[in-house]
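What follows is a short report on a single structure.
Computation of the quantities below employed the complete heavy-atom set of this structure, encompassing side-chain atoms and omitting hydrogens, waters and symmetry-equivalent molecules.
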Amino acid sequence: MAVSKVGVALLAGCFVLSCSFTRAEQDNCRTNDECRVAFGVGSICGDNGFCQPSIEQPRCATTEPENLLSGATSDRAIIGTLIDGSLMTHVARGNAVRLAVIDANNAGGFDREFGLVICDISANFEGDGMSRSEAAVAMALHLENVVGALAIVGPPGSEEAESVFEATTDVVLVTPSATSPALTQLEPVPASDDAPGRLWRTAPTDEEQAQQIVSDLMTRSVTDVYIMAQNGAYGDGLLTLLGEQLSEVPSVRFETSGQLSSAVGVVAESTASEVIFISSDTSDTVDFLTAASADSRLNTRRFFLTDAAANQDLLTGLAALPMTERDELISRIRGTRPANDARLARDFASRYRIEFGQNDIDALTFTAHSYDAGWLALYGIVWSELQEGGIARDGVRRGLRQVSSGTPIDVGELSWPTVLSEFAAGNSIDVSGASGALNYDPAAEERSEGGGSFGVWLISGDGARICVAGDTDCL
């Protein structure tokens, strides 16, 4: 059989790269999909119209399994995730998605195995000069167009989620931690099986967080508050929601570090007894609290933080303060965060410890939501394959509409055979996750919580743990 010059070049390149082809030879191409089918995940359609190995993306070098991008795994169904690798909390979220992929592959029973590509969106990664927001968009496009990911778990923040949604075309986004209600408006409502949405989230929206904040303030008879909020979808959304429930509450906004410093001064000049601080970046919260601890005008004020701050990275940042100063400061801090399903969250934490060795999952906020998001992405893929004759992104979107009614299941490896059998029969399932019941309203495709989705947290006396308010053992 004659082999074209391009075919020879591809084969020679494969010897150099130690890869193997599992499909019929594809000399020319029009799309990256054609090359991935022919030669594996690591192949793209070049400008010359022929398949070639893709250029390595150092931000996306972590995969499950490790050989995922070698070119020998074209049959795997791929998902991606976006994390800030400089933050311990985000690394744990990536591990949680990885755990879902590992457990699904271990369970077996599906025609294809799954793969995961973890992309680091931290600012200035290896000196590339990209901001976190820029990296989120760039890596999402890489996952969509080069890797061919069917779904992306992420982005982590509301503003990043909005930017990535607008930049991408059809990849499914399942964000575990973007909570702004504004994201609901990015897609037409009502959604339907004919027109399913592609932006989903396992986190409840900030409508319920705002209700919990106001409820906690009222329970403690706190009426004189000042709100300090980051510009952007997250800060804008929560500030608007709180403004609807708290009458005539003053606020100050910030975006840069210089503006944050100036805003601290504005708050210090006020007479408010409690400051609500809203930012999607933990580093902003650490900077704010550090500045507040050094300002004598704020040494009797209390500080109310939100879900984005309830994590190990906050505790690590505060540990840099002198111990006496830190201990006094943390006694004046409280906040809100999503509540988890007690039993399933405990089971998830146990499984996570076995795989990754982390003891205090409670301090790694949205980790349970990331685990659930990973499973939802896999469920959508399975539905598409079993009910639509092949895996496609619009089929994944329809599959996500099948998780809120039918046979009750808990996420995890043990329920995987039930998921496969029910989907093969065309039946939906009613999923409970480590983050709670994953009940989605079919019109808005948002979690239907009905209250109780957020709780209050405090910091333990030794500054080492995030505790549920009222947990005397932890505190």
Under the side-chain contact (heavy atoms from CB on, under 4.5 Å) rule, what do L183 and T205 come out as? Steps first, then yes or no, please. CA-CA 9 Å; L183 298 180; T205 75; over 6 Å; no
Derivation and outcome, side-chain hydrogen bond (donor to acceptor under 3.5 Å, both in side chains), residues S448 and D441: CA-CA 6 Å; S448 303; D441 172 73; 4.8 Å; no
Tell me, with the steps shown, if R198 and F165 meet side-chain contact (heavy atoms from CB on, under 4.5 Å). CA-CA 9 Å; R198 66 182 184 93; F165 177 85; 3.7 Å; yes
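At a cut-off of 3.5 Å, with distance as the only test, no side-chain donor of T336 or Q212 sits close to an acceptor on the other residue. T184 and R201 form a side-chain donor-acceptor contact under 3.5 Å, judged by distance and modelled atom types alone. Using modelled atom types, one finds no donor on one side chain facing an acceptor on the other under 3.5 Å when comparing E413 with N106. Inspection of the T62 and R98 side chains reveals no N or O donor paired with an N or O acceptor under 3.5 Å.
Pairs of residues two or more places apart, or lying in two chains, that qualify as disulfide bond (SG atoms under 2.5 Å apart) and include a residue from residues 98-212 are C60-C119. Applying the disulfide bond (SG atoms under 2.5 Å apart) test to every pair with at least one member in residues 373-410, sequence neighbours left out, gives no pairs at all. Annotation: salt bridge (Lys or Arg N to Asp or Glu O under 4.0 Å) contacts involving residues 119-128, sequence neighbours excluded, comprise R59-D128. Within the structure, the side-chain hydrogen bond (donor to acceptor under 3.5 Å, both in side chains) test picks out the following pairs touching residues 388-400 (sequence neighbours left out): D170-R393, E388-R398, D394-R398. Residue pairs satisfying the disulfide bond (SG atoms under 2.5 Å apart) criterion with at least one member in residues 170-214, sequence neighbours excluded, are absent. Within the structure, the side-chain hydrogen bond (donor to acceptor under 3.5 Å, both in side chains) test picks out no pair touching residues 136-155 (sequence neighbours left out). Annotation: disulfide bond (SG atoms under 2.5 Å apart) contacts involving residues 385-435, sequence neighbours excluded, are absent.
Aromatic ring centres of F288 and F303: separated by under 6.0 Å.
Two residues are said to be in side-chain contact when any heavy atoms from C-beta on lie closer than 4.5 Å; R334 and D216 meet this criterion. For the pair V411/V431, a side-chain contact is recorded, criterion being any heavy-atom separation below 4.5 Å from C-beta on. A 4.5 Å side-chain heavy-atom check between D84 and S122 finds at least one atom pair inside the cut-off. Counting only heavy atoms from C-beta outward, the side chains of I102 and E355 approach each other to under 4.5 Å.
The backbone N or O of F423 lies less than 3.5 Å from no partner atom in the side chain of W383, so there is not a single donor-acceptor pair. Although no hydrogens or angles enter the test, the distance criterion places no donor-acceptor pair under 3.5 Å between the side chain of S460 and the main chain of C474. In this structure, the side chain of S435 does not engage the main chain of A368 through any donor-acceptor pair within 3.5 Å. Checked by atom type and distance alone, the side chain of S163 pairs as donor or acceptor with a backbone atom of E159 at under 3.5 Å.
More than 12 heavy atoms of other residues, nucleotides or ligands shown are found within 6.0 angstrom of CG on L186. By the 6.0 Å contact criterion, CG on D47 is open, its count of non-hydrogen atoms from other residues, nucleotides or ligands being 12 or less.
Note: W416 and W375 have tilted aromatic rings, judged against thresholds of 30 and 60 degrees for the angle between ring planes. Ring orientation note: the planes of F356 and Y352 are tilted relative to one another, at an angle of 30° to 60°.
For the side-chain contact (heavy atoms from CB on, under 4.5 Å) test, residues two or more places apart in sequence or in another chain that qualify with A191 are R401, E445. Every residue two or more places apart in sequence or in another chain that forms a side-chain contact (heavy atoms from CB on, under 4.5 Å) with S133 is listed here: S131, E160. For D194, the side-chain contact (heavy atoms from CB on, under 4.5 Å) partners at least two apart in sequence or on another chain are S192. Under the salt bridge (charged side-chain N to carboxylate O under 4.0 Å, His left out) criterion, D33 pairs with R36, sequence neighbours left out. Under the side-chain contact (heavy atoms from CB on, under 4.5 Å) criterion, A308 pairs with Y234, sequence neighbours left out.
Between D313 and the options T89, T282, T285, T365, a side chain to side chain donor-acceptor pair (under 3.5 Å) holds for only T89.
Sulfur atoms SG of C35 and C51 are positioned under 2.5 Å apart.
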